[in-house]
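All values derive from a computational prediction rather than experimental measurement.
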Amino acid sequence: MVSPSPTQLTEAGCAEAVRDCADEARPESRLGRWQVVNDPYGGRFIVLGLEGKDDPSSNDEGSTHQGYRVVRDFTGPLNEAVYVSSPSGPERIEVYEGNYASNKGRIRESADAVEPSDVVYLVGSGPGLRKNIKHVGRIGTGVVVGINRTAHLIPTERLDYLFCIDSSRTKDPFPVRLPETVGVLDVTVTPSVHGLKLKRELWFVPSVRSRFYDRVREDHPHLVRLEHGLNVTFTALCWIVRALKAKTIVLVGMDCAFTDSWRHFDEPLMFDADAEYLVAQDVCGRAVITNDVFLSIAEWHTAALYFLKCAGIRVINATEGGLLRNFVEVRDLASTVDELNGKG
């Protein structure tokens, strides 16, 4: 890791750091290093971070609190026997319970059926979206699934689904109304999403083992159950595969890096003198700033992309930057939209 300094955080400084770093020592080289394990119920999972650990197959819960980060194969049926234990502390559970109480009446009214779509664009809030968002409006084939704050930027008439699991926001983060958009919402999502005036609300419950979530599943046995990952993108991929039955998934705004010194498409990176940053090489061969959190998320996503490839699902990374290069086609969004619209 590197501490921020003027030399290292300029474009030239980042490029020099990449040139001086051997391929096997670059931060992004850890993506795809894992062990695939068969569980006793006929499924598979990938275990990340095995150094110094015992055999992960002995951990029948697949829990993260024992030192493993476990990515389950979400492309097949969900096995009730392999819920992952929830590592959430009492403070977070208190937030979940409060949000759930506010959402409960709406959850009882929701339905979970959706029309399948062969092509799905999954749009995140990464800084890469700053340069290609204009092409989202040209999408003519497939549906668009936005994540959290992308509701601010995607034209409302083109945002088919908004996927949100954010439970921690205390003020209204959505100063828009989405009457043509279907919300796909975690049962513990912030109640401020009610102000979006969505066309319809589809609710899901995480497939984790805890007294709180066990009670939620008893209250709502009809709800879709989805795996949770390190961030919302992984959970959205689970839903896209299970509910929309996608055959082609296009990733947009999935940088896992501070591309061009931006944290999100609408939030510049404010360098923290006490933080540690990494210099990596993005999918276009450019030097890019990232950190260990983003790299961990990229690891998790790469494991998910492996399972998608094994399932025969085509994944195109049209972020035009960032770190996700394995098990995907790396392309620009303009030509991807043209091809999938039938023009390419």
Side-chain angles (χ1 to χ4, degrees), residues 1-35 46-53 64 67-71 87 122 124-132 147-149 229-234 237 251-306 315 317-328 330:
M1 291 187 179
V2 295
S3 297
S5 70
T7 300
Q8 290 167 320
L9 296 182
T10 63
E11 182 177 353
C14 288
E16 182 178 356
V18 169
R19 285 195 302 270
D20 292 343
C21 190
D23 287 346
E24 63 272 13
R26 287 178 183 159
E28 71 273 16
S29 66
R30 85 189 205 196
L31 305 182
R33 293 180 181 174
W34 55 54
Q35 181 176 345
I46 285 173
V47 180
L48 304 170
L50 282 173
E51 294 81 0
K53 306 300 180 183
T64 57
Y68 300 116
R69 290 178 296 133
V70 176
V71 185
L122 180 58
S125 59
L129 199 60
R130 293 174 56 80
K131 56 191 169 189
N132 59 17
I147 293 176
N148 288 346
R149 61 202 296 163
L230 289 186
N231 78 346
V232 62
T233 299
F234 180 83
L237 284 171
L251 305 179
V252 186
M254 303 290 179
D255 295 74
C256 298
F258 303 112
T259 303
D260 299 325
S261 297
W262 286 77
R263 180 178 295 275
H264 296 101
F265 68 80
D266 59 350
E267 180 186 0
L269 173 61
M270 305 300 292
F271 291 114
D272 183 350
D274 296 323
E276 292 184 311
Y277 297 90
L278 296 160
V279 178
Q281 191 173 68
D282 73 5
V283 298
C284 301
R286 301 172 300 204
V288 66
I289 302 165
T290 186
N291 60 15
D292 192 66
V293 171
F294 271 152
L295 268 176
S296 295
I297 292 172
E299 275 188 298
W300 202 283
H301 290 352
T302 300
L305 297 173
Y306 168 81
V315 181
N317 181 8
T319 297
E320 301 182 43
L323 302 183
L324 299 179
R325 58 166 51 84
N326 297 331
F327 314 116
V328 298
V330 176

Checklist entry - Which atom pair, heavy atoms only, marks the closest approach of Cys256 to Thr290? => result O-OG1, 3.0 Å

Checklist entry - Any idea which heavy atoms bring Glu320 and Arg286 closest together, and the distance? => result O-NH2, 3.1 Å

Checklist entry - With a 4.5 Å heavy-atom cut-off, do Leu323 and Met254 have their side chains touching? => result no

Checklist entry - When rounded to the nearest 0.5 angstrom, what distance separates CZ in Phe294 from CD in Glu299? => result 14.5 Å

Checklist outcome for this item: Separation between CZ (Phe258) and CG (Asn291), nearest 0.5 Å, reads 4.0 Å

Next on the checklist: Quick check: do Val315 and Leu251 have side-chain heavy atoms less than 4.5 Å from each other?
Outcome noted: yes

Checklist entry - Do Thr302 and Leu324 have side chains that get closer than 4.5 Å, going by heavy atoms? => result yes

Checklist entry - Counting N and O atoms only, with roles assigned by atom type, does the side chain of Lys131 sit under 3.5 Å from a partner on the main chain of Thr319, one being a donor and the other an acceptor? => result no

Checklist entry - So, for Ala257 and Val288, which heavy atoms are closest and what is the spacing to 0.1 Å? => result CB-CG2, 3.6 Å

Checklist entry - Which residues satisfy the side-chain hydrogen bond (donor to acceptor under 3.5 Å, both in side chains) test with Thr259, sequence neighbours excluded? => result Asp255

Next on the checklist: Are the side chains of Val330 and Val328 in contact, using a 4.5 Å heavy-atom criterion?
Outcome noted: yes

Checklist entry - Within the side chain of Arg325, is there an N or O that forms a donor-acceptor pair under 3.5 Å with the backbone of Asp282? => result yes

Next on the checklist: Can you give me the closest heavy-atom contact between Ile289 and Tyr277, atom names plus distance?
Outcome noted: CG2-CD2, 3.8 Å

Next on the checklist: Is there a side-chain contact between Tyr306 and Asn326 in this structure, where contact means two heavy atoms from C-beta onward sitting under 4.5 Å apart?
Outcome noted: no

Item to check | Minimum-distance pair of heavy atoms, taken over all atoms of Cys284 and Gly321 | outcome: SG-N, 4.2 Å

Item to check | Qualifying residues under side chain to side chain contact (heavy atoms under 4.5 Å, CB included), relative to Val232, sequence neighbours excluded | outcome: Ile147, Asn148, Phe163, Ile165

Next on the checklist: Let me confirm one number: the NE2-OG distance from His301 to Ser296, rounded to the nearest 0.5 Å.
Outcome noted: 11.0 Å

Checklist entry - Where is the tightest heavy-atom contact between Ala287 and Val279, given as atom of each residue plus distance? => result CB-CG1, 4.5 Å

Item to check | Pairing residues for Asp260 by the side-chain hydrogen bond (donor to acceptor under 3.5 Å, both in side chains) criterion, not counting sequence neighbours | outcome: none

